[in-house]
Amino acid sequence: MTTMLTRRRALKALTAAASGSAVLGLYTWRVEPHWLELTYPVLSIAGLECQLEGCTLAQISDLHIGPKVDDAYIVKSLHSVREHVPDFVVITGDWITYRGRNQLEQLRRIAGHLPHGRLGTVGILGNHDYGFNWNMIEVAEEVARIARNVGVTVLRNQAFTAGGLQFVGLDDLWSPRFDPVAVLAERGSDPSTLVLCHNPDAADHPVWGQYQGWILAGHTHGGQCKPPFLPPPLLPVKNKRYTAGEFALSGNRSMYISRGVGHLLRVRFNARPEIPIFRLRRA
């Protein structure tokens, strides 16, 4: 009798464990990858013009338009930002996951749903916008062209001022076009400046000159799967502390890493997709 009871308990425990694993697997596959979170951090900017105090800036990152991310989910996410009527919108790279020309057609269809900032809409490219091996310059040029056609100012190691706020946009760290030294030397010390930089590892490169301020980045997806109280096991950066959220950097710089909207594999755990909508404040 004791043996039978022990076997029954063991079978019940195994059944419960299997059920729990199935529920967790379903959650990480079907629920969290499309459970977008809008966050509301504060960006304190030295030299921010008085009229920009309290304005909002939405950061859209890592859409990964392509074969792995549902188009309807992306459109719904973009519409959720539009409803907030942000003053600025920035897009920090990885517009697509390139597998062929179809992704460029997908981008053309979805780009029309992109929200625009009341004062400015600025974007940069990420590594996936350079196609295979991050080296297909013609793909990057087409992504940039599509974005410009819907009213986005795409910056490729360039600076642009909109509504009294200067944006310095860097080309991707892994691309053949990463070359930020000149623009940062020329414009990095201007007041009221934000830098858009897809890959947070660039923050550790000796390219920043006198720039002191915020860097808005993406690329990591927050690790996509993050065990509680532990670092994510897979993180596509050398500096493994760069997961998501706010980071204090040397040189009086700070960085915010968005968890992004899309994914490369449809799985997320404890790293919900994110669109931060910042409130601007004078430092």
Side-chain angles (χ1 to χ4, degrees), residues 39-62 86-93 117-126 152-173 177-220 237 239 241-260 274-283:
T39 57
Y40 301 93
V42 172
L43 276 185
S44 297
I45 301 174
L48 187 72
E49 295 185 6
C50 294
Q51 69 268 22
L52 296 181
E53 179 81 31
C55 284
T56 55
L57 181 149
Q59 180 194 2
I60 300 169
S61 197
D62 298 86
D87 298 293
F88 300 94
V89 171
V90 299
I91 303 94
T92 48
R118 184 178 62 87
L119 299 175
T121 306
V122 182
I124 59 172
L125 303 182
V152 180
T153 300
V154 180
L155 301 178
R156 318 275 302 272
N157 304 311
Q158 296 167 305
F160 175 75
T161 299
L165 188 61
Q166 178 177 251
F167 297 91
V168 175
L170 309 188
D171 226 320
D172 184 66
L173 175 65
R177 297 290 179 86
F178 180 73
D179 187 17
V181 174
V183 68
L184 285 169
E186 181 181 352
R187 306 292 291 273
S189 59
D190 290 3
S192 194
T193 297
L194 289 175
V195 171
L196 311 180
C197 176
H198 178 70
N199 190 327
D201 268 340
D204 297 336
H205 284 239
V207 298
W208 296 93
Q210 300 303 309
Y211 179 67
Q212 299 180 28
W214 282 95
I215 302 165
L216 302 185
H219 184 65
T220 68
V237 284
N239 191 331
R241 81 183 184 102
Y242 293 156
T243 51
E246 297 184 15
F247 295 86
L249 306 173
S250 62
N252 201 28
R253 292 183 290 274
S254 301
M255 179 162 61
Y256 191 95
I257 304 172
S258 169
R259 298 190 298 270
E274 174 195 20
I275 295 178
I277 300 178
F278 300 96
R279 177 106 14 213
L280 305 184
R281 180 179 297 168
R282 287 173 61 86

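Model, not experiment: these values are computed from the prediction.
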Expected list for residues 118-125: side-chain donor-acceptor pairs under 3.5 angstrom, two or more places apart:
unit_1, atom_1, unit_2, atom_2, d
Arg118, NE, Asp87, OD1, 2.8
Arg118, NH2, Asp87, OD1, 2.8
Thr121, OG1, Gly117, N, 2.9

Where do Leu194 and Leu43 land on the side-chain contact (heavy atoms from CB on, under 4.5 Å) test, with the steps shown first? CA-CA 10 Å; Leu194 289 175; Leu43 276 185; 4.1 Å; yes
Side chains of Glu49 and Ser192: donor-acceptor distance under 3.5 Å anywhere? no
What pair of heavy atoms forms the shortest contact from Gly163 to Phe88, and how long is it? O-CZ, 4.2 Å
From Gln59 CD over to Ile277 CD1, what is the distance, rounded to the nearest 0.5 angstrom? 11.0 Å
Is there a donor-acceptor pair closer than 3.5 Å between any side-chain N or O of Tyr211 and the backbone N or O of Thr193? yes
Within-4.5 Å side-chain heavy-atom neighbours: Ser258 and Thr92: no
Side-chain heavy-atom pair Phe178, Asn199 within 4.5 angstrom cut-off: no
Measure the shortest side-chain to side-chain distance between Asp201 and Asn239 over non-hydrogen atoms and say whether it is less than 4.5 angstrom. yes
For residues Tyr242 and Met255, determine if any side-chain heavy atom of one lies less than 4.5 Å from a side-chain heavy atom of the other. yes
Spacing of Thr39 atom OG1 and Arg259 atom CZ [to the nearest 0.5 Å]: 6.5 Å
Run Thr161 and Arg187 through side-chain contact (heavy atoms from CB on, under 4.5 Å) and show every step you take. CA-CA 11 Å; Thr161 299; Arg187 306 292 291 273; 3.9 Å; yes
With heavy-atom distances below 4.5 Å as the criterion, would you say the side chains of Ile45 and Leu165 are in contact? yes
Return yes if some donor-acceptor pair links the side-chain N/O of Trp208 with the main-chain N/O of Gly188 below 3.5 Å, else return no. no
Ignoring hydrogens and angles, write down the donor-acceptor pairs under 3.5 Å from the side chains of residues 152-160, residues two or more places apart or on other chains.
unit_1, atom_1, unit_2, atom_2, d
Arg156, NE, Asp171, OD2, 2.8
Arg156, NH2, Tyr130, OH, 2.9
Asn157, OD1, Asp171, N, 3.1
Asn157, ND2, Arg177, O, 2.7
Gln158, OE1, Arg156, N, 3.0

Looking only at atom types and distance, does a side-chain atom of Gln166 sit under 3.5 Å from a main-chain N or O of Asp190, one as donor and one as acceptor? no
Check whether any side-chain N or O of Gln210 sits under 3.5 Å from a backbone N or O of Leu184 as a donor-acceptor pair, and report yes or no. no
Measuring from His198:NE2 to Ser61:OG, what's the distance to the nearest 0.5 Å? 6.0 Å
Min side-chain heavy-atom separation Trp214-Phe278 under 4.5 Å: no
Full working for side-chain contact (heavy atoms from CB on, under 4.5 Å) between Leu170 and Val207: CA-CA 11 Å; Leu170 309 188; Val207 298; 5.6 Å; no
May I have the list of side-chain donor-acceptor pairs in residues 245-252 shorter than 3.5 Å, sequence neighbours left out?
unit_1, atom_1, unit_2, atom_2, d
Asn252, ND2, Gln212, OE1, 2.9

side-chain contact (heavy atoms from CB on, under 4.5 Å) between Thr220 and Thr243: does it pass, once the steps are laid out? CA-CA 6 Å; Thr220 68; Thr243 51; 5.6 Å; no
Backbone N/O of Ser44 and side chain of Arg281: donor-acceptor pair under 3.5 Å: no
Given 3.5 Å as the limit, does a donor-acceptor pair link the side chain of Arg253 with the main chain of Ile215, or not? no
